[in-house]
Every structure is written in structure tokens, then in C-alpha cells.
Amino acid sequence: MSGGRCSIVWFRRDLRVEDNPALAAGVRAGAIVAVFIWAPEEEGVYYPGRVSRWWLKQSLAHLDASLRTLGTSLVTKRSSDSISSLLEVVKSTGANQLLFNHLYDPISLVRDHRAKEVLTAQGVDVRSFNADLLYEPWEVRDGEGRPFTTFTSFWDRCLSMLYDPEAPLLPPKRIISADVSRCPSDNLVFEDESEKGSNALLARAWSPGWSNADKALTAFINGPLIEYSMNRRKADSATTSFLSPHLHFGEVSVRKVFHLVRMKQVLWANEGNKSGEESVNLFLKSIGLREYSRYMSFNHPYSHERPLLGHLKYFPWVVDESYFKVWRQGRTGYPLVDAGMRELWATGWLHDRIRVVVSSFFVKVLLLPWRWGMKYFWDTLLDADLESDALGWQYISGTLPDGRELDRIDNPQFEGYKFDPNGEYVRRWLPELARLPTEWIHHPWNAPESVLQAAGIELGSNYPLPIVEIDAAKARLQEALSQMWQHEAASRSAIENGMEEGLGDTSESAPLGLPEDTQMEMDHEPVRNNPVNTVIRRYEDQMVPSMTSSLVRFDDEETSIDRRNLADDSRAEVPINVNVNVTEEPREPHGHHVMQTVRTINTFPQFNFAMGQRDTEDSTAESSSSRRERDGGVVPVWSPSSSNFSDQFTGEDNGIGTSSSYLQRHPQSHQLVNWRRLSQTG
DNA sequence: GCATTGTTCGG
DNA sequence: CGAACAATG
């Protein structure tokens, strides 16, 4: 069934030939132009870090080699605008079809939607596929057609869907190459000279590329998987799957992972191997978290820069560059934290447990704004992944409905006992502590002077004293929380009294070039209970996940706004705005940031409030809140639609499973950061 | 042995 | 907070 079709297969983060639906569709239809476009400027501040680029380079080479054995090769383009590059490829090859697999980060959502529009307008047939998830975000909904708001409910549903995730596709046997003689490849540069030395080391530990990913998967399933539940508490052990960078670049399909792992589970269940079965459940949960991160990103496109629960915008972050630096360098005086940070710097890798330790320390002990930490992870992690990392940091920061509570400080000393009982991990990464006996390895500040001397340690000199005592940290955190609640309450009452601005928030400024964290309004009613419009289509349909595809749903409910305007805004302009505005800005002392206000805000002020609470006069809410947003000064918004998707967290009677009963039960308090309480404050 | 209280931990 | 688990009597 070949014929006249010539398809561009646009590779992005699906760098594999196996179980690649876009590629498979192209092969089925006829000739293929395989394209990769390197347009990092489109990513704005999320320009990939050094190790991430190193991985990408290897992975592309690997993919190209595979494609060559199948009969074609990878065309590479350097671009500042993916869509114009696609148009060029269309022109130079005569392709009449564009095929790609879905992505769910906010920038891709907008760009891909536009790609589809633009190319379709040029007469190109555009098709897109799910290659990254077990189920598309819009397939997983509660009984009333709304997205789930807690991981557990989400994952339960995924595991009990009436249909299984698609079975993985085999790699094509042969590919018919289109004529690309007039479509030259650009040489892509992923590292500069200064980076080469550091990168050379990476190759010793990692082998990017889809067939290596496949080997890693097999090795994991036949090895560490069965012990996964026993070993997961150790900082050090090589018991994790090490699949995350492979998964990030789509070198291996989660569907394949899922199916293979499930088969093992069935096997072990039949053998009565309880712990093996449990191991699979735990491992699948981590796969589920990855799914959930995409789900959240799709439903809440702001989630990588705004807390999902709005109270955090009143949190008095300590905007202290020197703390930040100490953390990065692994000189906090807490051995487990420092070991983790040194490992991260040296290898681009951290065990999940240690990620939680260091990020939790960052947020709760140092009180630094979580997005700084997230950005640092982005820059340094080999498996840096915007959606997963945003979810992780939000979890740590207590801004997810089912995340950790913010007022609980984990003591790195005790975590050390748990995750690194023999101190091996600390000794490996902190040579200056290598001679300290295990008894003191996680709290050298308590060690007798003689012990320290024998170990060659002089605290405050060759290893620091704790930068903040844990008791002091607890007090500081409590103080910060009570300030946060006061601000929150004052601001709310100011708004209710009709003051235009509420109170200026104390929120994170926009350091490190990151956008200011502003509204995630607490007081908007979620009104998305319209299952009818939930997009349900067949698997190979034309649906591109995009802001606008989600917009469909509230369009119907929302009569007071100019829809065309809204949609236009969210599509074309947004990504450009992001790139333009989110650049490094000098930070000012008190977090007052001057940054260009993004156009979309002004063109679309009324959006939030049209959905807004029923018991508040619309106009009031409208003006105050939109004003605040502007006054905040720094609000890169790439789609007005996005805020819409977060208000479900804020409502009281949106019937999210058990949550409403929780709501009834817990009275408001200024002590606890807890979404249930928060929701009651409305 | 089992009910009771304390502790840990949770996506 | 509440569930699960541990220590305790």
C-alpha cells in the first residue's frame, strides 16, 4: 500500500525505531523523510543543560545509524523556528504528509498545534500519535469526565482502564527513503570546547541510543526488578532501572516497559512471589508518576513555574544567592545533602531518594524558591525532564493536593541513617569525611574533637558546620508559614473589600531568569464538568494535544468571552512571548522585577474570573485579580487557557473523590500547609 | 496472644 | 491527617 505518499517523520523526543507510531505510519504510507530539528531557542530558559545535550547528540547518532541500516538517514536542521524548518523540508522534498508523536510540555503543546495549523494550511496532511504514554491525558478522566487531581486516583484509573495500553510496534523491516538530495542536513553543535572534557567521562557510565535503552530495560527486568521493593531505600545501590534518560528522549517506549514488566508480574504472581509482585507495583508506580507528570502538564500548563496550590505565592522565600551557591557546591554541612549535590555535579545523576533529600532541604531548610532548584536540576541532570521535575518539586514544596506537607522537615541526619547506614555513599562523594567513623558520618558536628582530629577534619575549615541548625530551620519555617498565611488572609480580605490590588505578594521574584510566580488563584470555581466535550477519538486520530484542544471544553461553558481572541492568543503568540521575555534579568533586592508584561495578559484579563466563584461579584474579582497580575509585573503567560486548568485545585465542591469530605473535616489553620485547609479558607 | 499506644510515612 | 507498622504491656 505504498504509492504517492511522501511523509516527513518529525523526530523529537521519540528517538527510536521500535514502537514508533509516527514512523510506522510513514513506512506504511510510502517514502519517508526522517527529520530532527534542533531549535533550542524555542525552549526559552529551558535550553538543555550540558549533559542533556551530550545525551541527545549520542542518541541522534545512534538513531541515524539505525535508520541507515533500514534504508534512509536522519536529516538534521538547525533552526530558531521549527515550523519554518518543516516548511522548508516540505518544499525541498515534496513531502505531502507530516507525522509526529505527541509531547505534552507547554511549549510543545503550543508549537505542535501551530505546526499542524500551518502545515495543514499548506495542503500537508498532518497526523500525530501517542508514543510517550500508556494513555493520552484526555483518556483518563473521572466518572464525570474531569481530570483527576491526585496521583493515586489517576493511577488507579490507569491500571483499571477497560482497554490495555497499545501493544508495542515492531521496528520497520525496511524504509523507503524519499529523495532528500535537495534537503541538506545542518551540522548540529551540541557541545562547546569547554564542555568536551567533562562530557568525555559520561560515555563511561552511559550508553545513549534506543538499542542500548532496550538492553538496559532487559537487564533491569531480569535483574534488579525483583528486588526493587527491598532495595529502594538505599541511596547507593545500583537497583534502579536507570531508564529515565532513555525514557526522556523516547529511546524506549513506556508501553514496552509496561508490557514486559507486567508479564514478569504475572509470572511472579503465579509463583507466589509476593515481593516480586510488590516490586513490580512499586516500579510501575514510578512509571505512573512519569505519566502523571505529562498529565499534569497537559491539564495545568503552568505547573513548571507556578505552584498548583496558590498559597505558596505568599511564601517569604529567602532570596539568597549565597545559600544557593552553598547548596550547589555541596557545602551545607549536612553530609547526605552534600554528597548528593557533589554526585549530581560530577555525574548528572542522583538516586530518586537523594533527589528528595536535597530538594526538600533546599525548600524547607534553606527556604530558597523551588524554581531555582528546579532550574539547577534542569541544567545538571542527565535525565532532566521538565514535566517530571516540575512534578517532583511541586511535590516537595507542598503545592500538590497529595504532595508532602510543607511544615515537615526531614532531617538529613536521620535520612542518612536510613538511606546510607554505613556511610559509604557519603564517603564516596565527600573525601574530606572519608576517615570519619560511621557513627559520626551523618552528624560530624556531634563528634568528639579527638575523633575529628583523627579523621583529619576541622569543622568550619575543611568541612563546614551546618549552614542552618535543624531546630532553627524548623522555627524559621514555621515563621515563614505563618507569614504566608497572614499575607494570604490579608490579601484575600483586601480583595473581598474591593481593593484593587490585594496586597503585594512576597512571592518569588524572577531570579535566574525564571519567570515570576504569580497567580494560581485559589478562589476560582472549577466548572469543567462537561464530559460531552471530552475528546474521545480513535487512536490514530488527528488530535494534537494542545492548549486549544483542551479549550474546547470550557468554550462551551464560557459565554462571556471572545473565544476567537482567546484561541488565537494561545496558539500563535505564546511561545514567542516566552522566549522573548524569559531571559536573564538582573535581580533586584526586594524581588520587584521589571520585566516586560506579556501581551496575552492584557488581551485576556477576564478569563479567570468568568469561571470564577459564584458568590463573588464577578466584576470585582475580575478587576482586582487581573490588576494584581499586571502589577506583579512579571507574568509570562503563554496561554490564557492554562490558568483555567488549575482552578480545579481550588474549589471546594468540585467533588474530587474523597477530597470534599476532607474539606469538611479540617478547620482552617495557620499552622499547617495543607490544601484541604486552604480550600476552606475561601 | 492480642489489644493498646507510639512511630513512621505517605506521590 | 490516617493507614500501616512497631513496640509494649
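Proteins get letters first, then strands, A, B, ... in listed order; numbering begins at 1 in each. Because the structure is predicted, anything quoted here is derived from the model rather than measured.
Taking the ring axis of Trp378(A) as reference, the NZ or CZ atom of Arg371(A) does not stay both within 45° of it and closer than 6.0 Å to the ring centre. Arg328(A) forms a cation-pi arrangement with Phe324(A), by the criterion of a distance under 6.0 Å to the ring centre and an angle within 45° of the ring axis. Arg255(A) forms no cation-pi arrangement with Phe258(A), by the criterion of a distance under 6.0 Å to the ring centre and an angle within 45° of the ring axis.
Side-chain contact, Ser244(A) with Asp383(A): a donor N or O sits under 3.5 Å from an acceptor N or O.
To the nearest angstrom, P of dG10(B) lies 12 Å from CG of Leu289(A). In this entry the distance linking CZ of Phe151(A) with P of dG11(B) reads 8 Å, nearest Å. Taking atom CZ of residue Arg355(A) and atom P of nucleotide dG11(B), one finds them 18 Å apart after rounding to whole Å. Protein atom CD of Glu278(A) is 12 Å distant from nucleotide atom P of dA4(C), rounded to whole Å. The separation between Tyr292(A) atom OH and dG11(B) atom P is 12 Å, rounded to whole Å. We find that CG of Leu159(A) is positioned 14 Å from C1' of dG11(B), with the value rounded to whole Å. Separating the CG atom of Leu282(A) from the C1' atom of dG11(B) is a distance of 12 Å, rounded to the nearest angstrom. The CD1 atom of Ile396(A) sits 11 Å away from the P atom of dG10(B) (whole-angstrom rounding).
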Show the distances under 3.5 angstrom between N or O atoms of the protein and N or O atoms of nucleotides 7-9 of chain B.
from	atom 1	to	atom 2	distance (Å)
dC9(B)	OP1	Arg233(A)	NH2	3.3
dC9(B)	OP2	Lys418(A)	NZ	3.0

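Using a cut-off of 4.0 Å between Lys/Arg side-chain N and Asp/Glu carboxylate O, Arg262(A) and Asp164(A) are scored as not salt-bridged. Between Asp338(A) and Arg342(A), none of the side-chain N atoms (NZ, or NE/NH1/NH2) sits under 4.0 Å from a carboxylate O, so this pair counts as no salt bridge.
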